[in-house]
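Every number for a ligand or one of its atoms is a count from 1 in the order of the listing. Position 1 is the first residue of the sequence, and the numbers go up from there. Values in this document were obtained by computation on a predicted structure and should not be read as measured data.
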Amino acid sequence: MRTIRLTTAQALVKFLNAQYVEFDGKQERFVKGIFTIFGHGNVLGIGQALEENPGDLEVYQGRNEQGMANAAMAFAKQKHRKQIIACTSSVGPGAANMITSAATATANNIPVLLLPGDVFASRQPDPVLQQIEQTHDLSISTNDAFRPVSKYWDRVSRPEQLMSAMLNAMRVLTNPADTGAVTIALPQDVQGEAWDYPERFFKKRVHRIERRFPSAESVFDAVQLIKSKKKPMLIIGGGVRYSEAAETFVRFAETFNIPFGETQAGKSGVESNHPLNLGGLGVTGNSAANSIAKDADLIIGVGTRFTDFTTSSKQLFTKADILTINISEFHASKLEAVKVVADAKAGLEAIEASLVGYQSTYEKEIEEAKQGWQDEMNRLYAINFGEDFIPEIAGHLDGNLPEYKEVLQSELTQTSVIGKVNELLDDSAIVVGAAGSLPGDLQRMWVSKTRNTYHMEYGYSCMGYEIAGALGAKLAEPDKEVYALTGDGSYLMLHSELITSLQEGKKINVILFDNSGFGCINNLQMENGMGSFGAEFRKRNPETGKLDGPVMVIDFAKAAEGYGVKTYSVRNMEELEAAIIDSKKQTVSTLIDIKVLPKTMTHGYDSWWHVGVAEVSEKVGIQSAYEGKVSNLQKARAY
Ligand SMILES: Cc1ncc(C[n+]2csc(CCOP(=O)(O)OP(=O)(O)O)c2C)c(N)n1
Ligand SMILES: O=C1C[C@@H](O)[C@H](O)[C@@H](O)C1=O
Ligand SMILES: [Mg+2]
């Protein structure tokens with residue numbers, strides 16, 4: 001057997017360079033590069049290997065391990081899971097910072113390869129700097145905390161373990177049915193230890209991402225079910241995008257006249273203006289999709305996980321039977337569905353071939369529902385602050401809005417700003433988001449004019465994904481303008497990869513909606529009978545001892561200017577228009593700091609979200625919210 005003597009880290013880098021994927025006959029290198037934040041736990045191992053011979057790997061420098069791993073996830077998501085960027089961190093806190101990203105990737109079924117440094121396998125110098133030292137179990141390190149949030153977890157405690165660890169890592173990273181975070185913990189001594197690796201370990205490996213075909217029996221069942229229904233509705237989930245099945249999906253919908261609603265991950269799989277595209281569905285859905293869903297007799301979920309946001313906590317399509325087409329048996333089996341376990345494209349094609357002659361019985365309902373929502377959108381675009389202004393989220397802070405107007409020096413409403421931004425961005429621009437009130441507004445209101453331009457992380461709704469995500473999307477599609485749409489809360493939580501965008505010369509644009517608070521949480525608590533508690537950004541009031549003092553005003557534009565970002569302060573529509581137009585001319589990253597009034601985001605459209613309302617309270621509002629929950633639960637599926 002021919003061997004090559006390399007350190008574990010050198011062997012890892014060499015192996016990563018030799019991995020390819022093949023999808024529909026097209027081959028692509030799988031690992032584009034590696035994000036690094038070096039510390040003593042990785043610099044002399046992986047760091048040394050990358051300095052000496054990175055091969056074709058692009059080596060990036062992250063700012064915060066969570067940020068860089070979020071960027072890596074966004075890269076893979078925008079690449080439809082066909083290419084990744086790996087991440088290496090030091091031991092201890094650097095590793096721990098990536099745990100949130102691992103969970104985010106796993107919840108979203110997006111492949112990321114995390115390579116945290118680990119404590120010494122030999123234990124000779126224990127306890128090393130940044131080692132926790134659990135007294136009940138010395139084999140535990142910070143990296144064990146990745147186990148519950150990874151789809152594959154391993155620790156390379158001897159150099160030769162690298163081979164089985166990495167082959168299994170690749171198995172999971174390229175498995176469309178069950179991918180997510182892969183964590184390979186690398187003890188810092190082992191990274192530098194040498195081994196005579198068999199040469200064949202480094203041969204070019206092509207991992208075929210296969211389209212799973214459905215069984216004839218499952219297709220038969222699906223066809224019989226559809227034929228027995230008059231008003232089916234499709235759901236376009238993320239699986240349609242990852243399987244690159246948009247053409248097939250549209251043809252299926254058109255051939256049988258079946259309308260479709262979008263999930264956050266599926267949105268922009270097909271353009272918003274398609275006559276059968278009803279738009280966002282569920283808790284953050286619009287009136288068109290939700291009303292058609294309510295009356296549908298069959299829901300056909302394609303590549304969706306049926307989260308609570310899609311099903312309105314299982315209360316939305318209670319009259320309907322469910323058919324699923326999903327490459328994952330787990331997801332296909334939800335809601336006691338008739339299931340077709342298959343790749344989205346292969347599954348749809350097989351059903352289509354046997355459904356010849358079928359037509360739904362929709363007449364004018366689809367068009368009317370879409371028109372109704374368009375009229376509502378026009379109203380939302382035009383909402384202006386004025387005398388006796390009642391915000392969309394009414395009855396919470398109505399009396400405080402003049403104060404907000406005064407301190408933020410703005411009368412802008414969130415819905416009108418979204419309309420304007422949507423109008424002004426290039427059709428090909430990619431918008432990235434994750435948490436807060438924006439995902440709801442965008443799922444309802446954003447008009448995707450080009451396919452695959454809506455990039456929302458809403459499987460985990462991880463605040464702070466937005467800016468890192470924009471960087472990842474930009475690395476994936478460098479020729480497009482990429483915009484992070486973020487709230488002030490998310491921006492403050494994590495925006496460090498904005499600096500990385502400057503360092504890499506990869507321009508991203510931050511559109512920051514500053515309503516001085518955790519707006520959606522404020523809505524949620526007040527909708528459920530609480531007061532405004534710990535969600536507005538107000539200073540501590542010495543008189544009450546509470547956070548009910550003056551509203552905090554933060555000059556985000558000024559702060560980002562210090563980074564070298566081109567910034568704009570926006571307080572009216574004219575400034576917004578000028579800022580967007582000018583930002584397009586820039587070559588560096590930009591930030592538009594838009595002050596918007598709280599409570600001016602969209603409200604729900606005929607949907608319910610099951611949340612943990614208190615069963616016992618002195619407050620009448622909470623008591624009635626609890627009663628509401630109980631009565632809503634009666635209308636929902638029990639499981
Ligand atoms: C990492 C993380 N922490 C906490 C939450 C809970 N959470 C969801 S939205 C939100 C507030 C978001 O505030 P902001 O970004 O300003 O958006 P807004 O709702 O004001 O539009 C919080 C705290 C979360 N989703 N992610
Ligand atoms: O807790 C949450 C409430 C949602 O309204 C919000 O969009 C989401 O970010 C979240 O995590
Ligand atoms: Mg906010």
| Is the closest heavy-atom distance from Met493 to ligand 1 below 4.0 Å? | yes
| contact_flag Ser461 ligand 1 heavy-atom lt 4.0 Å | yes
Measure across [X] and [Y] and return the closest heavy-atom pair with its distance rounded to 0.1 Å.
| X | Y | answer |
| --- | --- | --- |
| Pro111 | Ala76 | O-CB, 3.5 Å |
| Thr413 | Phe385 | CG2-N, 4.3 Å |
| Val91 | Gln130 | O-OE1, 3.0 Å |
| Lys151 | Thr106 | CE-CG2, 3.7 Å |

Could you tell me the residue and atom name of the protein heavy atom closest to [atom], and the distance to it rounded to 0.1 Å?
| atom | answer |
| --- | --- |
| atom 8 (C) of ligand 1 | Ile521 CD1, 3.8 Å |
| atom 14 (P) of ligand 1 | Gly489 N, 3.4 Å |
| atom 4 (C) of ligand 2 | Tyr458 OH, 3.6 Å |
| atom 23 (C) of ligand 1 | Met463 SD, 3.4 Å |
| atom 20 (O) of ligand 1 | Gly519 N, 2.7 Å |
| atom 21 (O) of ligand 1 | Ser437 OG, 2.6 Å |
| atom 8 (C) of ligand 2 | Ser461 OG, 3.0 Å |
| atom 15 (O) of ligand 1 | Ser490 N, 2.9 Å |

| Counting from 1, what ligand 2 atoms have a heavy atom of Cys520 closer than 4.0 Å? | 5 (O), 6 (C)
| request: With heavy atoms of Ala435 as the reference, note each atom of ligand 2 found under 4.0 Å away. | output: 9 (O)
| Taking 2.8 Å as the cut-off, does an N/O/S atom of Asn515 lie below it from the Mg ion (ligand 3)? | yes
| Short N/O/S contact of Gly517 with the Mg ion (ligand 3) (below 2.8 Å) | yes
| message | Take a 6.0 Å sphere around NZ of Lys480 and say whether it holds more than 12 heavy atoms from other residues, nucleotides or ligands. | response | yes
| So does Lys635 have more than 12 non-hydrogen atoms from other groups sitting under 6.0 Å from NZ? | yes
| Relative to each other, are the rings of Phe309 and Tyr458 parallel, tilted or perpendicular (30° and 60° limits)? | perpendicular
Contact (N/O only, under 3.5 Å) between [X] and ligand 1:
| X | value |
| --- | --- |
| Phe518 | no |
| Gly436 | no |
| Gln414 | no |

| request: Kindly confirm or rule out an N or O of Trp609 lying under 3.5 angstrom from an N or O of ligand 2. | output: no
| query | Any nitrogen or oxygen of Ile521, main chain or side chain, under 3.5 Å from a nitrogen or oxygen of ligand 2? | reply | no
| Within 45° of the six-membered ring axis of Phe306 and under 6.0 Å from that ring's centre, is NZ or CZ of Lys334 located there? | no
[X] side chain to [Y] backbone, donor-acceptor under 3.5 Å:
| X | Y | value |
| --- | --- | --- |
| Asp582 | Ala578 | no |
| Glu497 | Ala71 | no |
| Asn515 | Lys599 | no |

| task | Walk me through it: do Tyr563 and His495 pass the test ring-ring contact (aromatic ring centres under 6.0 Å, His included)? | result | CA-CA 11 Å; Tyr563 298 156; His495 63 263; 5.7 Å; yes
| request: Report the residue from Glu536, Glu411, Gln409, Lys595 that forms a side chain to side chain donor-acceptor pair (under 3.5 Å) with Tyr404. | output: Glu536
| said: Taking side chain to side chain donor-acceptor pair (under 3.5 Å) as the criterion, tell me which of Lys267, Gln78, Arg241 meets it with Asn452. | reply: Arg241
| field | Per-atom contacts, ligand 1 versus Asn515 - under 4.0 Å to a heavy atom | value | 18 (P), 20 (O), 21 (O)
| message | Check for me whether Gly436 has a heavy atom closer than 4.0 Å to any atom of ligand 2. | response | yes
| For the Mg ion (ligand 3), what is the closest N, O or S atom on Asp488? | OD1
| task | From atom 9 (S) of ligand 1, work out which of Cys520, Pro439, Gly487 has a heavy atom at the shortest distance. | result | Cys520
